[in-house]
Number of protein chains: 2
Amino acid sequence: MKDLLKQINKAFDNKIRLGIMSVLVHKKSATFNEIKELMGLTDGNLSSNASVLEEGGYIEIKKQFIKKKSNTSYHITEKGKISFKLHLDALSKIIQGKYDTKS
Amino acid sequence: MKDLLKQINKAFDNKIRLGIMSVLVHKKSATFNEIKELMGLTDGNLSSNASVLEEGGYIEIKKQFIKKKSNTSYHITEKGKISFKLHLDALSKIIQGKYDTKS
DNA sequence: ATTTTTACTTTTTTTTGCAAAGTAAAAAAA
DNA sequence: TTTTTTTACTTTGCAAAAAAAAGTAAAAAT
């Protein structure tokens, strides 16, 4: 169990960031407003949590202009995919009690 | 997704408390030292997180003396069982992308 | 008798989360 | 056309939470 806890990735150990990663795993890409609406987040909350994921290299934030309007979209990176899977694997083992009760 | 996030129970949304609950779901009862060793926690960390779970009514903390030595054991409550299940159900749906991409 | 260890709890410090305020550009209104 | 509002975000600041450190008390060892 001790080692499983160490495999819990701090970047994903927060419901908002877990949610963002989940969306991006399933959709490959989503815009600021899509995620904001879907998750019912405030602007600041989404922005700062997305930054944490970007700083860790788990997502990429692309800024472009669509009809003179700025448009921010989020994409999962290869590192993000791999790391998120490892995190979920550890989480799943903790939940399912797949650890030795001795160590 | 928004509603699933609301179903995430703050008391369980922390890896240490999630771990404690997982142990108690699977073992029904465990002592302070068992959990401490199993999870590799410091005394203070276990004590304070267990208190949070107790204050929420999710676990019961029993103190007794075994051969002149104090012995603290943790037990899951009925409320704890039900609430933890609901939490895991929501978590699982978020992870598996079981939410409408419209709301 | 004094020191160390065991079994915790409480206090202090550090980190994190979140809302509110801030920024900048476009669009709408006056 | 200038002013106001809306859109699309980011940054700041404070409260809450987590972790570490310090504290307590009793038992066991020296």
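Values below: all heavy atoms of this structure, side chains included; hydrogens, waters and symmetry mates excluded. None of the values given here were measured: they were computed from a predicted structure.
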A/Thr77 and A/His75: side-chain donor and acceptor closer than 3.5 Å? no
Hydrogens and angles aside, do B/Tyr58 and B/Asn9 bring a side-chain donor and acceptor to less than 3.5 Å of each other?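 B/Asn9 and B/Tyr58 do have a side-chain donor-acceptor pair below 3.5 Å.
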Do any side-chain nitrogens or oxygens of [X] fall under 4.0 Å of OP1 or OP2 in [N]?
{"X": "B/Arg17", "N": "D/dA18", "value": "yes"}
{"X": "B/Lys10", "N": "D/dA17", "value": "yes"}
{"X": "B/Asn14", "N": "D/dA17", "value": "no"}
{"X": "A/Thr42", "N": "C/dA19", "value": "yes"}
{"X": "A/Asn71", "N": "D/dA8", "value": "no"}
{"X": "B/Lys63", "N": "C/dT9", "value": "yes"}

Selection from C/dC8, D/dC9, C/dA19 that lies nearest to any side-chain heavy atom of B/Thr72: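 For the B/Thr72 side chain, the nearest candidate turns out to be C/dC8.
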Among D/dA28, D/dA8, C/dC8, the one nearest B/Lys69 by side-chain distance: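 The listed nucleotide nearest to B/Lys69's side chain is D/dA28.
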Specify the separation, in whole Å, of atom [atom1] of [X] and atom [atom2] of [N].
{"X": "B/Leu18", "N": "D/dA18", "atom1": "CG", "atom2": "P", "answer": "13 Å"}
{"X": "A/Glu54", "N": "D/dT11", "atom1": "CD", "atom2": "P", "answer": "11 Å"}
{"X": "B/Lys15", "N": "D/dA19", "atom1": "NZ", "atom2": "P", "answer": "7 Å"}
{"X": "A/Ile20", "N": "D/dC9", "atom1": "CD1", "atom2": "P", "answer": "13 Å"}
{"X": "A/Lys36", "N": "D/dT7", "atom1": "NZ", "atom2": "P", "answer": "9 Å"}
{"X": "B/Ile35", "N": "C/dA7", "atom1": "CD1", "atom2": "P", "answer": "14 Å"}
{"X": "B/Asn45", "N": "C/dT11", "atom1": "CG", "atom2": "C1'", "answer": "15 Å"}
{"X": "A/Phe65", "N": "C/dA27", "atom1": "CZ", "atom2": "P", "answer": "11 Å"}

Does a side-chain N-to-carboxylate-O contact under 4.0 Å join A/Glu37 and B/Lys2?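 Not counted as a salt bridge, because no side-chain N and carboxylate O are separated by less than 4.0 Å.
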Do NZ/NE/NH1/NH2 and the carboxylate oxygens of A/Lys85 and A/Asp89 come within less than 4.0 Å? yes
With heavy atoms under 4.0 Å as the rule, sort B/Ser70 into base, sugar-phosphate or nothing.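 If one applies the 4.0 Å heavy-atom cut-off, B/Ser70 turns out to touch the sugar-phosphate alone, with no base involved.
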Touch class at under 4.0 angstrom, heavy-atom based, for A/Ile16 against every strand present: sugar-phosphate
Partner nucleotide of D/dA21 by Watson-Crick or wobble geometry (both distances under 3.5 Å):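 Here D/dA21 is engaged in a pair, and the nucleotide opposite it is C/dT10.
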About how many Å separate CG of A/Leu88 and OG of A/Ser22, when rounded to the nearest 0.5 Å? 8.5 Å
Using side-chain heavy atoms (C-beta onward) and a distance below 4.5 Å, is A/Phe65 in contact with A/Asn71?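 SC-SC contact between A/Phe65 and A/Asn71 ruled out.
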Here's a test of your reading of the structure: between B/Gly44 and B/Val52, which maps to the more 5' nucleotide of DNA chain D?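 The residue mapped nearer the 5' terminus is B/Val52.
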Indicate, yes or no, whether a donor-acceptor pair under 3.5 Å links the base of D/dC9 to the side chain of A/Asp43.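 For A/Asp43, whose side chain was compared with the base of D/dC9, there is a donor-acceptor pair (under 3.5 Å).
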